[in-house]
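Reading through the structure tokens given below for one structure.
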There are 2 protein chains.
Amino acid sequence: MDQAPHRVTIREVAAHAGLSISTVSRALTGSRAVLPELVRRAQDSASELGYRADTVGRSLRTQRTGTFGLVVPDLTNPFFPALVQALEHAARSRGLSILIADTGNDPEVETAAMNTLLDRRVDALLVSPVDLEASREGLISAATTVPVLQIDRVIDEGIPFVRVDQEAPVKALVERMIATGRRHLAFIGQDPRIATSREREVAFAQAMSERFAGGPLRSVTGGTSPQSGRAAAETLLSRWPETDGVVCANDLIAVGVLEHVRARLAGRRIAVSGFDDTLMAQVLELTSVRQPVQQLADLAIAAAAHPDRSTLLATRAVVASEVVFRRSTD
Amino acid sequence: MDQAPHRVTIREVAAHAGLSISTVSRALTGSRAVLPELVRRAQDSASELGYRADTVGRSLRTQRTGTFGLVVPDLTNPFFPALVQALEHAARSRGLSILIADTGNDPEVETAAMNTLLDRRVDALLVSPVDLEASREGLISAATTVPVLQIDRVIDEGIPFVRVDQEAPVKALVERMIATGRRHLAFIGQDPRIATSREREVAFAQAMSERFAGGPLRSVTGGTSPQSGRAAAETLLSRWPETDGVVCANDLIAVGVLEHVRARLAGRRIAVSGFDDTLMAQVLELTSVRQPVQQLADLAIAAAAHPDRSTLLATRAVVASEVVFRRSTD
DNA sequence: CTGTTAGCGCTTTCAT
DNA sequence: ATGAAAGCGCTAACAG
């Protein structure tokens, strides 16, 4: 049936072309000048025999695998598939591959996964760390072995990162809610150990203190799901019944808030916004902050793929995001 | 700063332990019997020096990488992140890794991606092919080089697969719609070149012909998004205005149909169902077919990881799915 | 510009 | 049961 399908080696190509192994290698990779005539002969033999270089042998020799390890906390959170897709495309367009690990929001799994990837000699590690605190040690330790780039979630400024500015969009959301007549705004975060959620919370607190100096800071945190959003909304509105605008750290939470509002507070005109501009936000006409995923990915891969690693090690990029206003904040 | 972080090799461990390289290798991998005393010495030296075997060197020698290539059509479709997550967890629990490729629904990209993965010497290729026709040639060609397992989408019965039964759930949906009083059912598919969509369509046609022999087959196809779902619903309902139940090949489409019904046909009691039981289905109380993603993943990884590849090559698995009834079909 | 040779790190004969 | 040595496929010194 599926007979041991012998892979052609460079040695065979060399023999077939009547050239030395190294000439074939140089002709095919272009690493050194080779007579055009011989290049053709090498290429012809290669394609005739169906030769494709074995990257394992190459990696052992060059000490580069052309592979990045990508560590994400949870593919169930729709932001991450979008990020993975963008990263994978950016990587593949440069001939690079991605080993993926989903840590299920568990810092221990995260550290273990990073070590597995290091064993596979990835050229760099792209990580969205799970936990502001618990992820730190493993991340720092990994960074002593391989270039590490924090993507989206930043937990240590000493390690390279590509992140999104959270301050401007949060401020824009607050301004919009105020402009449409709201005065009692609140924030619902995910787990506060999640870097981006924490940043959004801080940005909210700051924007509010600028507009309502001395006013109460209405803020609760929960999980990352519509259910926990509903629960958080309930807590929030019983604690601060005057609330008329809610900035949520995530679309999933915002959806839960919308549900709660529509079910229990049908008459109230409460503004709601989310983050990530997921499909659900579009369908439910939820105002949300669109993440520049493509840009994030391009920057990350460009940095990680750069020939001399000092570039990666110097990367500290912050990109802007854009608020998409919809009916939920009218 | 980040000084060339020398990785410890097995040679250094051997020197430190006062043993030969081969003894250390055998002690650490357990590939052959070694005196317990020496095993301890090897292990101690290894952990003392922080040794971790280089999988690149190992792979070159053993001709196995412990890595699978995973090729999915589109991570934007929420079914696939769930599948990727389940596969990655199942793989990692066995010490195996996954190289991911998202083909963006393009068969040519798919073939190219498969070749890239083959160059990386993956032990097997797990593929959800894009296109019933256009993916076939590349898939068959890859299968001559490496074990290939079709996941979820099956386009060639001659190649191993792990799939989900589509017939039973579609039949159950049709029966339910009939039981709640509907008589004029219709189907909306994704692109008919998508294997699962096609199977669902066929199952629908069959279920209908059993109940309404000689009746019209109301069926249209479109894309895989709420927008195309809306458009398809419009087409469908203008062509067959009597329609009172719609089985959709996908939750995203179903959401579009719901939108169209709620916006334009507010009074009509039209049943709607989707596939994949995504978060959106839960939020919108949409009846949907929950895919046994975990089971699919476990079967796939178990087959792919099996030491002798004849097991993989013999894999033809079909697992059952479950309809989750919600308000949209009341 | 081309060829010969060494060697990346590991496992596995092959001797002992 | 252990060790010495070969070699997986490739690239890169080093001669020529």
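Below, chains carry the letters A, B, ... as their sequence lines are ordered, and counting in each starts from 1. Note that the coordinates shown come from a computational prediction; the quantities given were computed from them, not determined experimentally.
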Just how far, in rounded Å, is [atom2] of [N] from [atom1] of [X]?
X: B:I21; N: C:dG7; atom1: CD1; atom2: P; result: 13 Å
X: B:Y51; N: C:dC10; atom1: OH; atom2: P; result: 3 Å
X: B:R7; N: C:dC10; atom1: CZ; atom2: P; result: 9 Å
X: B:I10; N: C:dG7; atom1: CD1; atom2: P; result: 19 Å
X: B:R64; N: D:dG9; atom1: CZ; atom2: P; result: 16 Å
X: B:L60; N: C:dG7; atom1: CG; atom2: C1'; result: 11 Å
X: B:R41; N: D:dT2; atom1: CZ; atom2: P; result: 10 Å
X: A:E37; N: C:dC1; atom1: CD; atom2: C1'; result: 13 Å

Given [options], identify the nucleotide with an atom nearest to the side chain of [X].
X: B:R61; options: C:dT2, C:dC1, C:dC10; result: C:dC10
X: B:T29; options: D:dA1, D:dA4, C:dT11; result: C:dT11
X: B:T9; options: D:dA5, D:dG9, C:dC10; result: C:dC10

In terms of the nearest nucleotide of DNA chain C, which residue is placed more toward the 5' end: B:V56 or B:S31?
B:V56
Any donor-acceptor pair, under 3.5 Å, between the side chain of B:R26 and the base of D:dG3, if you only look at N and O atoms?
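For B:R26, whose side chain was compared with the base of D:dG3, there is a donor-acceptor pair (under 3.5 Å).
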Donor-acceptor pair under 3.5 Å, A:S25 side chain vs D:dA12 base:
no
Classify the side-chain pair B:S59/B:R64 by whether it contains a donor and acceptor separated by less than 3.5 Å.
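Per modelled atom types, B:S59 and B:R64 side chains form no pair under 3.5 Å.
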Using a cut-off of less than 4.0 Å, is there contact between a side-chain N or O of [X] and OP1 or OP2 of [N]?
X: A:R58; N: D:dT11; answer: yes
X: B:Q63; N: D:dG9; answer: yes
X: B:T23; N: D:dG3; answer: yes

Start with the C-alpha gap between B:S25 and B:S22, add the side-chain angles, then the distance that decides, and say whether side chain to side chain donor-acceptor pair (under 3.5 Å) holds.
CA-CA 5 Å; B:S25 171; B:S22 28; over 6 Å; no
Do the charged groups of A:D54 and A:R7 touch, with an N to O distance under 4.0 Å?
no
Keeping the roles fixed (side chain from A:Q150, backbone from A:I155), state whether a donor-acceptor pair exists under 3.5 Å.
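Yes, A:Q150 side chain to A:I155 backbone: donor-acceptor pair under 3.5 Å.
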Nearest-nucleotide wise, let me know which of B:R32 and B:T62 is further upstream toward the 5' end of DNA chain D.
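Looking at the nearest nucleotide for each, B:R32 comes out on the 5' side.
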The single option from A:L99, A:I301, A:L125, A:V122 passing side chain to side chain contact (heavy atoms under 4.5 Å, CB included) against A:F68:
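So the option named by the test is A:I301.
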